[in-house]
Amino acid sequence: MTLAPPKFSTLGCRLNAYETQAMQDLAAKAGVGDAVVINTCAVTAQAVRKARQEIRRLRRENPDARLIVTGCAAQTEPETFAAMGEVDHVIGNSEKMQADTWARLAPDFTGETERVQVDDIMSVRETAGHLIDGFGTRSRAYVQVQNGCDHRCTFCIIPYGRGNSRSVPAGVVVDQIKRLAGRGYNEVVLTGVDLTSWGADLPGQPRLGDLVMRILKLVPDLPRLRISSIDSIEADENLMQAIASEQRLMPHLHLSLQHGDDLILKRMKRRHLRDDAIRFCEEARRLRPDMTFGADIIAGFPTETEAMFDNSLRLVEECGLTWLHVFPFSPRQGTPAARMPQVDGARVKDRAARLRSEGARQVAQHLTAQVGRRHRVLMENPHMGRTEQFTEVDVAAAQDEGAIVEVTIGGRTQDRLTA
């Protein structure tokens with residue numbers, strides 16, 4: 001009897017989606033079948049609730065399949081998922097990337113398979129970024145170069161799900177990107193949990209800027225290199241030089257800012273102050289005038305007053321932030337912020353809405369400024385692509401997916417450009 005291939009459900013971040021693809025390859029090689037795998041997120045208490053809901057839904061839809069739970073929520077609270085009657089196996093974040101784990105879940109495995117396989121993530125010293133050659137659409141590939149985090153922000157559980165920071169060696173990254181460029185990818189995005197900490201655990205302690213410069217030098221036929229979220233306070237000299245001099249490095253940075261008030265930043269245990277953020281944005285834009293910024297900002301962090309919130313609201317304008325990811329604060333059990341005096345829920349919701357409104361105003365301003373300009377657009381499907389600043393463009397004439405086309409922007413909708 002032929003077993004159906006396992007089904008996968010992914011919650012949370014881009015890195016989880018990347019790792020799901022790696023797990024699909026590992027499960028296929030091991031011959032795992034008739035199983036459902038859910039790759040969970042633990043970033044908020046709501047994310048864990050969503051994981052439990054998804055498990056119950058998947059069990060109803062697949063009553064006879066083995067149900068395997070993995071990901072950050074499985075790593076941080078394995079007992080929660082082991083206690084669910086719907087769950088057959090709980091697998092940790094390190095274990096999910098190991099071939100042996102999937103071999104023990106194969107139907108022809110004769111030994112005993114532990115129901116819960118979750119070891120101490122803090123003891124893990126390697127990351128598995130080499131397992132797959134990119135992830136994404138036919139137009140853009142994502143390459144994991146780093147995993148884990150050495151910092152302990154007071155609102156964040158992720159280090160306990162991902163472990164300490166560890167880097168993929170530069171040579172491995174370059175070889176992977178060479179293969180992707182050779183397969184026709186026109187854009188590669190470097191990803192990680194704390195990307196600017198890349199290299200700290202490698203011989204000689206290279207920095208992210210060193211990796212970027214090396215990629216651009218050694219893969220000359222890669223048209224576009226993009227960096228995902230960075231911590232601006234860790235931006236090194238070579239990264240700033242690359243921003244200034246390398247046109248193939250895309251002029252779009254997503255910044256992990258989190259707040260605009262110095263006291264709240266200290267209570268978050270962030271390593272920058274508001275003036276540091278403003279200075280970085282001013283310098284990056286001086287070096288690359290077409291630079292655009294996205295940012296993560298939390299609304300309603302414990303002890304946040306209206307004046308403190310106003311500092312976040314003003315930071316959007318002062319840093320020139322275009323693409324906001326706004327997170328209404330929700331306490332995450334196990335973090336210091338959950339024990340701090342909380343802001344009223346209705347007030348948190350209102351402040352998040354006001355931040356999103358300011359973000360929408362910034363997007364509208366950016367879109368309007370592009371009308372009449374020429375842009376090089378990487379096509380994600382025949383009629384939609386993105387500019388170098390990551391702005392979506394609807395293109396009237398059908399184009400080849402993955403092609404870079406030059407267009408004149410003729411107009412805009414609420415959240416996109418048109419050409």
Side-chain angles (χ1 to χ4, degrees), residues 1-42 51 54-55 57-59 61-78 81-82 84-121 123-136 141-145 147-148 161-163 166 168-169 172 175-176 179-180 183 191:
M1 183 179 71
T2 303
L3 297 176
K7 300 175 184 175
F8 284 81
S9 173
T10 304
L11 304 176
C13 66
R14 179 79 63 182
L15 193 54
N16 252 14
Y18 181 104
E19 290 173 344
T20 290
Q21 185 164 331
M23 285 192 286
Q24 288 173 329
D25 294 345
L26 290 167
K29 287 173 184 170
V32 175
D34 289 345
V36 176
V37 183
I38 175 170
N39 198 6
T40 62
C41 173
E54 181 74 350
I55 287 165
R57 182 187 72 80
L58 290 169
R59 174 52 76 204
E61 294 178 2
N62 304 274
D64 301 321
R66 276 185 304 168
L67 200 146
I68 300 164
V69 180
T70 187
C72 288
Q75 181 69 47
T76 55
E77 38 188 295
F81 299 99
M84 294 182 71
E86 296 88 348
V87 174
D88 295 302
H89 295 280
V90 181
I91 296 174
N93 258 341
S94 176
E95 290 77 12
K96 75 182 183 184
M97 304 299 280
Q98 296 171 11
D100 285 354
T101 302
W102 297 96
R104 287 194 294 270
L105 292 167
D108 58 356
F109 182 70
T110 54
E112 190 173 329
T113 302
E114 293 178 63
R115 183 165 179 262
V116 179
Q117 301 175 59
V118 182
D119 288 337
D120 177 16
I121 195 73
S123 66
V124 177
R125 293 289 175 263
E126 293 183 349
T127 191
H130 60 283
L131 281 180
I132 58 174
D133 268 345
F135 152 76
Y142 294 82
V143 172
Q144 181 189 351
V145 303
N147 202 343
R162 290 282 174 184
R166 49 211 189 273
V168 179
V172 175
D175 287 346
Q176 192 172 6
R179 289 194 297 271
L180 291 165
R183 286 166 50 196
T191 68

Study note, to complete from the structure: Residues passing the side-chain hydrogen bond (donor to acceptor under 3.5 Å, both in side chains) test with Asn93, sequence neighbours excluded, are Lys96
Exercise for review: Not counting sequence neighbours, which residues clear side-chain hydrogen bond (donor to acceptor under 3.5 Å, both in side chains) with Ser94? List them please.
Suggested key: Gln98
Return the set of residues passing side-chain contact (heavy atoms from CB on, under 4.5 Å) with [X] (not counting sequence neighbours), or none when no residue passes.
{"X": "Ala99", "result": "Leu26"}
{"X": "Ala30", "result": "Val32, Trp102"}
{"X": "Glu77", "result": "Val48, Glu79, Thr80, Phe81, Arg332"}

Enter the distance from [X]:[atom1] to [Y]:[atom2] here, rounded to the nearest 0.5 Å.
{"X": "Thr101", "Y": "His89", "atom1": "OG1", "atom2": "NE2", "result": "11.5 Å"}
{"X": "Arg162", "Y": "Thr76", "atom1": "CZ", "atom2": "OG1", "result": "11.0 Å"}
{"X": "Thr20", "Y": "Phe8", "atom1": "OG1", "atom2": "CZ", "result": "7.0 Å"}

Listed pairs under 3.5 Å, donor-acceptor, residues 62-71 side chains, sequence neighbours left out:
unit_1: Asn62; atom_1: OD1; unit_2: Lys7; atom_2: NZ; d: 2.8
unit_1: Asn62; atom_1: ND2; unit_2: Leu58; atom_2: O; d: 2.9
unit_1: Arg66; atom_1: NH1; unit_2: Leu105; atom_2: O; d: 2.9
unit_1: Arg66; atom_1: NH2; unit_2: Leu105; atom_2: O; d: 2.5
unit_1: Thr70; atom_1: OG1; unit_2: Ile91; atom_2: O; d: 2.8

[X] and [Y]: which non-hydrogen atoms are nearest, and at how many Å?
{"X": "Cys41", "Y": "Asn16", "answer": "N-ND2, 4.3 Å"}
{"X": "Val118", "Y": "Pro78", "answer": "CG2-CB, 4.0 Å"}
{"X": "Gly148", "Y": "Arg166", "answer": "CA-NH1, 3.9 Å"}

Review point. Considering residues at least two apart in sequence or located in another chain, which fulfil the salt bridge (charged side-chain N to carboxylate O under 4.0 Å, His left out) criterion with Arg57?
Key: Glu54, Glu61
**Study point:** Set of salt bridge (charged side-chain N to carboxylate O under 4.0 Å, His left out) partners for Glu95, sequence neighbours left out
**Key:** none
Review point. Would a 4.5 Å heavy-atom cut-off, applied to side chains only, mark Glu19 and Gln144 as touching?
Key: yes
Point to revise | Beyond-backbone contact of Arg59 with Met84, side-chain heavy atoms, under 4.5 angstrom | key: no
